[in-house]
Colleague: 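Here you go, one structure.
Note: hydrogens, waters and symmetry copies are ignored here, and every other heavy atom, side chains too, is used. Remember, it's 1-based here, ligands and their atoms both numbered in the order they're listed.
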Amino acid sequence: MEEFIMNTKIYMGKACLSRLSGLEIKKAYIICDPFMEKSGKAAEIAGLLKETGADSRIFSKVVPDPTIQVVTQGIEEMGAFEPDTVIALGGGSAIDTAKAVCHLYAAMKQEKRPYLAAVPTTSGTGSEVTSFAVISDPQAQAKYPLRDPAMVPNAAFLDPELTATVPPQITADTGMDVLTHALEAYVSTRSGDFTDACAEKAVRMVWKYLEQAVADGGNMEAREHMHNASCLAGVAFNGASLGICHSLAHALGARFHIPHGRSNAILLPHVIAYNAGLEEAGETEALLRYAQIANMLGISAGTEKATVHCLIRQIRNLMKRIGIPEQVTELGVEREEFGQWVEDMAGKALQDNCTATNPRKPELKELEDIYGR
Ligand code: NAD
């Protein structure tokens, strides 16, 4: 690891959105999905800004796995309003849309990007602190993780109250996204002491609080820790990047419209087994790293390999308890149809940005095998 940059100012805790009033905003463009508009949250932020004399406009056309088309529309409507600030309100889809809109808008106008404040309402992607924006091309059935340090939001507002309405299934999916971010950052070829510290803390918090947050969405202690864990895992992978679990999940999600966190979760046990070389002789570097993080969670079984087997078993048990399936066939995907797409998806995963920092350099056939499992 050669550098560690943290450009986002993070506000946290209940009612931290009141700090928006200190930003001297004149015109705010609020980017959210229809749920956030209907729930009144976007209007609430507009109301808060109005008290400080700021004008607002709401763009609520964000869709899950945001598309190039939505980004284009967002840029057009932004051009008619010319805001000095963009507020992204929602899950990763809203935040990624806002990042891409801001970035391309500034590039087209050849001027500085507007101030970008991200307000996550799911505890999953960590997008509020990362330089990634994942944009989908439905025609190509592909998801592209765009990456540019200039896309990192200026500020993030982590108010756990905003996550209280997230239903159990989405809490589970997004929580597994946090775990995947932290584990992939931890074994990445670009990991270092700084990203490890964030990844380790995030893993500990998911281990302790995810199940509680799924079982009782009103448990604000669990919600708050999951929200902070999501952001910390974001800091970790913004520095260390990710690995093939994400590459495979991007291609899988784009083809079969499986939510991002759930795609990651289904693949995660198989990716750990592959990276750790569990079915081969000898020890990979990743094996030792997974064993280290397992030990940190109190999992130990004699040898490193036995310990990592045990870690995988415990991840599977966690998934079962929070209602995440182990196979895509449990989500209505036909085995035969899936088989027809494996080569295409593996090819896309091999080209994905996240593959470059995976601890083991995969061959196309190995990625196909992981899908097969
Ligand atoms: P999402 O933003 O697509 O939201 C999922 C669903 O949850 C939506 O229907 C939304 O309306 C609903 N929702 C959001 N907040 C809610 C709330 N408070 N109460 C009730 N419902 C709520 O899901 P996500 O998992 O947060 O984001 C996924 C997207 O983020 C994917 O496109 C993924 O590829 C991308 N991603 C980006 C990064 C990054 O660093 N930029 C990292 C990981 C994933």
Colleague: Among all the protein's non-hydrogen atoms, which is closest to atom 19 (N) of ligand 1, and how far away is it?
Modeller: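 So the nearest neighbour among protein heavy atoms is T165 OG1, 2.7 Å.
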Colleague: Minimum distance, heavy atoms only, to atom 5 (C) of ligand 1: which one of I170, V129, D173 is it?
Modeller: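 Closest candidate by heavy-atom distance is I170.
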Colleague: Is the shortest heavy-atom distance from the side chain of H270 to the side chain of Y371 under 4.5 Å?
Modeller: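 Counting from C-beta outward, H270 and Y371 never come under 4.5 Å.
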Colleague: Suppose I only count heavy atoms of G91 and a 4.0 Å limit; which atoms of ligand 1 are within that range?
Modeller: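 Those qualifying, in numeric order: 2 (O), 26 (O).
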Colleague: Judged by non-hydrogen atoms, does K41 sit under 4.0 Å from ligand 1?
Modeller: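 Not so, K41 does not reach ligand 1.
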Colleague: For atom 15 (N) of ligand 1, which of the options T121, N264, T174, V178 provides the nearest non-hydrogen atom?
Modeller: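 Nearest option to atom 15 (N) of ligand 1, by heavy atoms: T121.
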Colleague: Name the residue from V101, T97, I95 that meets the side chain to side chain contact (heavy atoms under 4.5 Å, CB included) definition with K99.
Modeller: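 Output: one option passes, namely I95.
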Colleague: For ligand 1, which atoms have a heavy atom of F237 less than 4.0 angstrom away?
Modeller: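 By the 4.0 Å cutoff, the relevant atoms are 40 (O), 42 (C).
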Colleague: Under a plain distance cut-off of 3.5 Å, with no hydrogens placed, do T122 and T174 share a side-chain donor-acceptor pair?
Modeller: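 No, no side-chain donor-acceptor pair sits under 3.5 Å.
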Colleague: Report whether L242 and V203 are members of the same hydrophobic cluster (ILVMFWY, side-chain heavy atoms less than 4.5 Å apart, transitive linking).
Modeller: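 Different clusters: L242 never reaches V203 through Ile, Leu, Val, Met, Phe, Trp or Tyr contacts under 4.5 Å.
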Colleague: Using distance alone, determine whether G126 and ligand 1 share an N or O pair under 3.5 Å.
Modeller: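 For ligand 1, there is no N or O atom that lies under 3.5 Å from one belonging to G126.
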Colleague: For E366, what residues pass the side-chain hydrogen bond (donor to acceptor under 3.5 Å, both in side chains) criterion, not counting sequence neighbours?
Modeller: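 Y274.
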Colleague: Considering heavy atoms of the protein only, find what lies nearest to atom 21 (N) of ligand 1 and give residue, atom and distance to 0.1 Å.
Modeller: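 For atom 21 (N) of ligand 1, the nearest protein heavy atom comes out as F35 CE2, 3.7 Å.
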Colleague: Could you name the option among V134, D65, D96, D33 that has the heavy atom nearest to atom 31 (C) of ligand 1?
Modeller: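 Answer by nearest heavy atom: D65.
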Colleague: For atom 30 (O) of ligand 1, which of T125, L146, T163 has the closest heavy atom?
Modeller: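 When every heavy atom of T125, L146, T163 is considered, T125 comes closest to atom 30 (O) of ligand 1.
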Colleague: How close does the nearest protein non-hydrogen atom get to atom 3 (O) of ligand 1, and which residue and atom is it?
Modeller: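 That would be S93 OG, 2.6 Å.
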Colleague: Measure the distance from atom 33 (C) of ligand 1 to every protein heavy atom, then report the residue, atom name and distance (to 0.1 Å) of the closest one.
Modeller: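 Protein heavy atom at minimum distance: H260 CG, 3.6 Å.
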Colleague: Can you confirm whether Y11 is buried at OH, in the sense that more than 12 heavy atoms of other residues, nucleotides or ligands lie under 6.0 Å from that atom?
Modeller: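 Counting neighbours around OH of Y11, more than 12 heavy atoms of other residues, nucleotides or ligands fall under 6.0 Å, so yes.
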Colleague: As a test of understanding, state which of I45, I58, V119 forms a side chain to side chain contact (heavy atoms under 4.5 Å, CB included) with C32.
Modeller: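 Option passing the side chain to side chain contact (heavy atoms under 4.5 Å, CB included) with C32: I58.
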Colleague: Among protein heavy atoms, which sits nearest to atom 18 (N) of ligand 1, and what does the distance come to when rounded to 0.1 Å?
Modeller: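 Looking only at protein heavy atoms, the one closest to atom 18 (N) of ligand 1 is L162 O, 2.8 Å.
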Colleague: Is the closest N or O pair between M36 and ligand 1 shorter than 3.5 Å?
Modeller: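 Looking only at distances, the answer is no, because the N/O contact criterion of under 3.5 Å is not met.
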Colleague: Please write down residue, atom name and distance for the protein heavy atom closest to atom 34 (O) of ligand 1.
Modeller: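 Of every protein heavy atom, K143 NZ, 3.1 Å lies nearest to atom 34 (O) of ligand 1.
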Colleague: Taking atom CD as the centre, does Q69 end up with more than 12 heavy-atom neighbours from other residues, nucleotides or ligands that are less than 6.0 angstrom away?
Modeller: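 Correct, the count exceeds 12.
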Colleague: Check each of T122, L89, T67 against atom 13 (N) of ligand 1 and report the one with the nearest heavy atom.
Modeller: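 Minimum heavy-atom distance to atom 13 (N) of ligand 1 goes to T122.
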Colleague: Who gets closest to atom 39 (C) of ligand 1 by heavy atom: V166, T180, T130?
Modeller: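 Residue with the shortest heavy-atom distance to the ligand atom: T130.
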Colleague: Does the ring center of F81 lie less than 6.0 Å from the ring center of F59?
Modeller: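 For F81 and F59, the ring centres are not under 6.0 Å apart.
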Colleague: In terms of side-chain heavy atoms, does T195 have a donor or acceptor partner in R190 at a distance below 3.5 Å?
Modeller: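 No, R190 and T195 have no side-chain donor paired with an acceptor closer than 3.5 Å.
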Colleague: Look only at the side chain of D177 and the backbone of T180, and say whether a donor-acceptor pair between them is shorter than 3.5 Å.
Modeller: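 Between the backbone of T180 and the side chain of D177 there is no qualifying donor-acceptor contact (under 3.5 Å).
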Colleague: In the complex you have, is atom 25 (O) of ligand 1 within reach of the protein, judged by whether a heavy-atom distance drops under 4.0 Å?
Modeller: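 Under the 4.0 Å cut-off, atom 25 (O) of ligand 1 does have protein heavy-atom neighbours.
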Colleague: Could you work out, for atom 23 (O) of ligand 1, the closest of G92, A118, S263, P64 by heavy-atom distance?
Modeller: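 Selected option, by shortest heavy-atom distance: G92.
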Colleague: Please say which of V166, D173, T171 ends up in a side chain to side chain contact (heavy atoms under 4.5 Å, CB included) with Q169.
Modeller: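 So the option named by the test is D173.
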